[in-house]
Amino acid sequence: MKSQLQSLLRAALADVLPQAEAARASETPILLESTKDPRHGDLATNLALTLARPLNRPPRQLAEALARALPKSELFDKVEVAGPGFINFFLAPAALQRVVAEILERGAAYGRQPAAARGRLLLEFVSANPTGPLHVGHGRNAVYGDALANVLEAGGWQVEREYYVNDAGRQVDVLAVSVWARYLELCGALWFSFPRRGYPGDYLRATAEKLRAAHGTSAFRLAQDGIELPPDPPLAENAAEAEAAAVKQQQERYLDALIELLKTRLPQAYATIRDSALADQLARIRATLEQLGVRFDSWQSERAVVESGAVERAIAQLRAAGCVYEQDGALWFDAVRFGDDKPRVLRKRDGTATYFCNDLAYHADKLARGWPRLLDVWGADHHGYVARVQAAIAALTGRRDALQVQLIQFVTLSSGRMGKRSGNFVTLEELIGEVGRDATRFFYLSRSHDQHLEFDLELARAHSNDNPVYYVQYAHARIESVFRQAAERGLSHDPRAGLTTLDRLTDPTEKTLLAALERYPETLNSAAEGYAPHLLTFYLREVADALHQWYGACPFLVEEDALRHARLALAAATRQVLRNGLALLGVSAPEKM
RNA sequence: GCCCCGGUAGCUCAGUGGAUAGAGCGGCCGCCUCCUAAGCGGCAGGUCACAGGUUCGAUUCCUGUCCGGGGCGCCA
């Protein structure tokens with residue numbers, strides 16, 4: 001509708017303005033807005049106001065001229081110039097009513113672009129470390145990424161969903177040592193203190209239990225004779241910043257000593273414990289994502305990337321490009337040349353690769369696999385990391401924009417903040433168990449991903465009319481119920497017949513609903529273009545709103561066939577749009593509530 | 001210090017260079033002999049953080065200040 005009116009306005013512009021000016025004016029986007037006040041028609045544009053200055057013409061006069069020059073169209077009954085120079089369109093009822101036919105005809109495809117018409121992209125999201133359960137922050141990333149993938153697919157992209165498993169690096173060593181300590185503890189053989197900087201969560205005890213079941217109580221032992229461990233001092237609550245940093249450093253050294261001990265003195269045990277711990281954590285993560293209805297097409301292991309030699313290849317490539325140098329015993333990438341703030345270390349003084357180094361190799365690998373476009377979803381705490389990886393991609397491919405990153409802002413629960421090493425976070429599993437999949441997803445998608453989200457547990461948990469997720473679902477259930485009732489009462493509902501009597505849909509609430517349904521394709525488009533699935537959430541609330549108002553104002557199951565068929569056709573169209581939209585959000589559309 | 005996100009109704013948040021700033025929750029008042037009341041209607045509640053600037057017009061754009069969250073590792 002809007003795009004049709006835009007072309008009409010463009011034609012009017014060409015008609016009214018001399019050629020030179022028309023060319024200039026054609027660069028201004030023509031904005032059409034839904035009006036708030038029915039006296040201003042249905043759609044309005046401020047085009048004349050915007051152009052008044054550059055064209056040096058009085059806005060009101062320009063608006064009048066444009067209105068006069070508009071080509072004849074069946075789309076609107078009336079055009080008015082109002083206020084300082086708005087052009088208000090009063091749409092023809094038939095123009096809106098037509099949408100019912102289109103929706104019923106296209107069904108699940110209504111609003112969707114032709115599949116894969118826009119190209120292919122690889123979407124990486126969640127990618128949480130397999131060192132513990134997912135928490136509520138990961139949940140937001142997961143639901144956002146999943147809905148985004150759906151929305152992009154509907155918008156004409158071919159999307160593959162990938163989870164990058166960080167199963168390499170120091171965190172994995174910390175995980176292994178933590179489980180080792182839990183195992184020894186379980187066997188009554190823990191002779192060192194549990195590392196304060198280890199992973200304290202109870203969830204590692206389950207892996208320790210399994211290891212004991214599989215290997216008995218005397219495995220993974222190490223005689224403590226002659227082993228000197230550094231201290232693992234406690235951190236005072238009120239410690240000054242500098243002091244706290246020093247203490248943390250000592251704690252990390254203690255942890256490093258344990259890692260060293262395990263890896264060098266018990267290499268077999270290390271591998272066994274590590275693999276067992278990783279497998280458990282990953283299985284749990286997959287199960288949680290499954291509960292949320294989030295699926296991946298591929299799971300890419302960091303260790304596999306490293307072992308494939310991709311890291312060495314990437315370094316060699318950067319070296320060949322002349323943007324690598326050695327300094328202070330480390331290997332550096334000259335990221336500054338590619339837009340980053342400072343040079344970045346690729347290989348540390350101890351000879352191991354940084355996470356960044358592995359990560360750039362991973363991204364290079366994604367491109368090498370033939371993906372023309374990469375989209376990553378990261379937590380906002382990785383914000384400083386974006387320029388770094390893009391710099392690397394620019395250095396490797398010359399196409400900095402081959403990678404785009406969407407940052408997810410923090411989630412807070414009404415009951416407080418979450419942190420991983422603290423050990424007492426609210427897990428995503430707990431949240432889903434408490435709230436349910438539909439409400440969890442709906443709430444996560446109820447705010448723009450680049451805004452902080454306060455998750456109102458009370459409200460989400462409420463199995464009552466307070467809960468906003470039910471508002472939309474109920475609209476769908478109500479329509480289903482109407483059709484059930486129609487069948488029970490023996491009232492026919494012929495969609496084909498309904499389409500011929502759509503002109504009976506004249507109630508203001510019907511007009512509002514028709515206008516809402518008509519906006520679905522453009523809403524979906526905005527959501528895809530802006531990587532903003534929450535726009536769909538807002539939209540569906542509006543559709544539900546319009547449905548409920550209509551439901552209150554007009555009975556559907558009337559005796560008169562023509563009117564009943566028309567109303568039921570609109571009801572069926574509404575049901576279709578609700579289904580299509582909810583499916584993209586991954587929220588169910590129940591038949592009964 | 002630098003970078004990112006924010007500051008709009010009691011709470012959580014929409015919103016737009018324009019015509020009377022909205023919703024949900026909470027509060028108050030109505031509506032089921034009628035397709036599901038998980039609904040609908042109404043009332044109360046606002047210096048759109050503050051100060052400048054651009055503009056015919058700023059809550060919206062720019063700058064600064066204040067306040068809140070996050071980030072600035074040879075961690076991942």
To the nearest angstrom, how far is [X] atom [atom1] from [N] atom [atom2]?
X        : N     : atom1 : atom2 : result
A/Tyr539 : B/G15 : OH    : C1'   : 18 Å
A/Glu33  : B/A19 : CD    : P     : 9 Å
A/Leu540 : B/A38 : CG    : P     : 21 Å
A/Glu560 : B/C35 : CD    : P     : 20 Å
A/Leu360 : B/A76 : CG    : P     : 13 Å
A/Leu407 : B/C5  : CG    : P     : 9 Å
A/Leu547 : B/G39 : CG    : C1'   : 10 Å
A/Phe442 : B/A23 : CZ    : C1'   : 12 Å

Kindly assign one of parallel, tilted or perpendicular to the pair [X] and [Y], based on the angle between their ring planes and the thresholds 30° and 60°.
X        : Y        : result
A/His493 : A/Phe483 : perpendicular
A/Phe333 : A/Phe338 : parallel
A/Phe356 : A/Tyr385 : perpendicular

Per the glycosidic torsion and the 90° limit around 0, nucleotide B/C32 is syn
Distance between the [atom1] atoms of [N] and [M], in whole angstroms?
N     : M     : atom1 : result
B/G6  : B/G42 : P     : 33 Å
B/A51 : B/C72 : C1'   : 30 Å
B/U8  : B/G68 : C1'   : 16 Å
B/A14 : B/G24 : P     : 16 Å
B/G73 : B/G15 : C1'   : 40 Å
B/G46 : B/G10 : P     : 6 Å
B/U60 : B/A21 : C1'   : 11 Å
B/G17 : B/C13 : C1'   : 23 Å

Taking the minimum atom-to-atom distance to the side chain of [X], which one of [options] wins?
X        : options             : value
A/Arg478 : B/A19, B/G39, B/C40 : B/G39
A/Arg344 : B/G73, B/C40, B/C35 : B/G73
A/Asp381 : B/G41, B/C74, B/G70 : B/G70
A/Val345 : B/C74, B/G39, B/C5  : B/C74
A/Trp332 : B/A19, B/A76, B/C74 : B/C74
A/Tyr551 : B/A19, B/C35, B/A76 : B/C35

For atom [atom1] of [X], decide whether the heavy atoms of other residues, nucleotides or ligands shown that lie under 6.0 angstrom number more than 12.
X        : atom1 : answer
A/Gln451 : CD    : yes
A/Gln327 : CD    : yes
A/Lys2   : NZ    : yes

For A/Phe410 and B/G70, are the ring centres under 5.5 Å apart with planes inclined under 30°?
no
NA contact type, [X], heavy-atom cut-off 4.0 Å: base, sugar-phosphate, or nothing?
X        : result
A/Cys357 : nothing
A/Arg489 : sugar-phosphate
A/Phe356 : nothing
A/Asp340 : nothing
A/Asn166 : nothing
A/Tyr471 : sugar-phosphate
A/Lys342 : sugar-phosphate
A/Ala486 : nothing
A/Ala44  : base

Complementary nucleotide of [N], counting Watson-Crick and G-U pairs under 3.5 Å:
N     : answer
B/U54 : none
B/G27 : B/C43
B/C72 : B/G1
B/C32 : none
B/U65 : B/A49
B/G22 : B/C13

By nearest heavy atom, map A/Ile87 and A/Gln409 onto RNA chain B; which one lands nearer the 5' end?
A/Gln409
Toward the 5' end of RNA chain B, which comes first, A/Asp341 or A/Asp545, by nearest nucleotide?
A/Asp545
Polar atom pairs between nucleotides 10-13 of chain B and protein, under 3.5 Å, N or O only, would you list them?
residue, atom, partner, partner atom, Å
B/C13, OP1, A/Arg447, NH1, 3.4
B/C13, OP1, A/Glu454, N, 3.4
B/C13, O5', A/Arg447, NH1, 3.2
B/C13, O3', A/Arg447, NE, 2.6
B/C13, O3', A/Arg447, NH2, 2.8

Between the base of B/C3 and the side chain of A/His383, is there a donor-acceptor distance below 3.5 Å?
yes
Could you tell me whether the side chain of A/Asp167 has a donor or acceptor atom within less than 3.5 Å of a complementary atom in the base of B/A76?
no
A/Ala128 and A/Ile285: which non-hydrogen atoms are nearest, and at how many Å?
O-CD1, 4.5 Å
From the options A/Trp299, A/Tyr362, A/Trp378, select the one residue that forms a ring pair (Phe, Tyr, Trp, His ring centres under 6.0 Å) with A/Tyr164.
A/Tyr362
Worked check of side chain to side chain donor-acceptor pair (under 3.5 Å) between A/His476 and A/Arg579:
CA-CA 8 Å; A/His476 183 267; A/Arg579 276 183 191 164; 3.1 Å; yes
Under 4.0 angstrom between A/Lys348 side-chain N/O and B/C75 OP1 or OP2:
yes
Compare all side-chain heavy atoms of A/Asn166 with those of A/Asn358 and state whether any distance is below 4.5 angstrom.
no
With sequence neighbours excluded, residues passing side chain to side chain contact (heavy atoms under 4.5 Å, CB included) with A/Ala460:
A/Val435, A/Phe443, A/Phe455
List the residues meeting salt bridge (charged side-chain N to carboxylate O under 4.0 Å, His left out) with A/Arg303, not counting sequence neighbours, and say none if there are none.
A/Asp275
